[in-house]
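The block underneath contains the structure these notes are about, expressed in structure tokens.
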Amino acid sequence: MERWVSEVNEGWGLTVNTRNQLCDIRSKYQHIEIFETVNLGKLLMLDGIIQLTSYDEFAYHEMMANLPFYACGHTPERALVIGGGDGGVLRELGRHPELKSIDICEIDAEVIKAAREFLSETACGYDDERVAIHVGDGSRFIQEHPGCYDIIIVDSTDPAGPGEPLFGEKFYAGLKRALKPGGAIGTQAESYFLFPDIARRVVKFAKGLFKNAGFAQIHVPTYPTGVIGCCVASDSECVFAPLRSPDEKLQKELRYYTPEIHRGSFMLPGFARELFER
Ligand code: SPM
């Protein structure tokens, strides 16, 4: 039976037509739901918030993985993903043979389990032998790993529930400490339409800590407002243009990320540019 499922945001919503619910779990941390949709493949929701659809998850995951990868001051060898339990960022990092290890610290083991069972095209990221899974609190994990990583990607939910600590200044300072010199971060920075204050705040934290930091926009039709940000920051010479490029083989595999999109994603509409300059 078909059922319209909505993510509701103060007076309006984004609605997807589904035909079958594959997973409906209340974990210690959140409500995990996976649906088969009528037109968009699978849909993952956490606490009623859309996390991904098969239709457009490549856009978000490619950008979250590759913006920091190519903003890093040297060729990255050690990567850390915080959150990202569905495995999509892992899948994209796995395309880079230069990476020797890919750690993931996800707080909710049930998300990993559900993704591996029902979202195989995304969770295939876990099949890479370089991936090591750590179940726990990402903010604690980075405190315990100073100077360890070349790139850190924070693929969090919204700042309510388990994602909340990942939007604080202390956490950003911890990310910087967990990086090697010249390393780069890419963090889920919300939409400048939907949550301008949060987007502005995290970019401000990053600007205060790193030589270069900025908000890159990613077009994702199934996130409310159709746009979401990645805060990219590093002490490398530049984050706004890639310091290296995908080779021909990798570029053919990618559907969204290109060196031109890397540069272009930092070109923001006037009101958003003004928001981050304040
Ligand atoms: N790997 C995909 C996980 C998604 N992480 C980001 C989710 C952000 C969803 N919120 C968008 C804003 C509207 N609530």
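Along the sequence shown, residues carry numbers from 1. In each ligand, atom 1 is the first atom listed, and ligand 1 is the first ligand listed. All heavy atoms count here, side chains included; hydrogens, waters and symmetry mates do not.
Asp56 and Thr222 share a donor-acceptor pair across their side chains, judged by distance under 3.5 Å alone. Under the 3.5 Å distance criterion, with hydrogens and angles disregarded, no donor-acceptor pair is assigned to the side chains of Tyr29 and Asp47.
Under the 6.0 Å distance and 45° angle rule, Arg244 does not count as a cation-pi partner of Tyr70.
Taking CD1 of Ile50 as the start and OH of Tyr223 as the end, the distance is 9.0 Å to the nearest 0.5 Å.
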(request) List the steps and the verdict of side-chain contact (heavy atoms from CB on, under 4.5 Å) for Asp103 and Tyr149. (result) CA-CA 9 Å; Asp103 289 345; Tyr149 294 101; 2.5 Å; yes

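The side-chain contact (heavy atoms from CB on, under 4.5 Å) test with Leu46 is passed by exactly one of Asp86, Asp158, Asp108, Val111: Val111.
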Starting from the N and O atoms of ligand 1, find every protein N or O within less than 3.5 Å and list the pair with its distance.
residue  : atom   : partner : partner atom : Å
ligand 1 : 1 (N)  : His61   : NE2          : 2.7
ligand 1 : 1 (N)  : Asp86   : OD1          : 3.1
ligand 1 : 1 (N)  : Asp86   : OD2          : 2.6
ligand 1 : 1 (N)  : Asp155  : OD2          : 2.6
ligand 1 : 5 (N)  : Tyr60   : OH           : 3.4
ligand 1 : 5 (N)  : Asp155  : OD1          : 2.9
ligand 1 : 5 (N)  : Ser156  : O            : 3.0
ligand 1 : 10 (N) : Asp158  : OD1          : 2.6
ligand 1 : 14 (N) : Glu7    : OE2          : 2.5
ligand 1 : 14 (N) : Asp158  : OD2          : 2.5

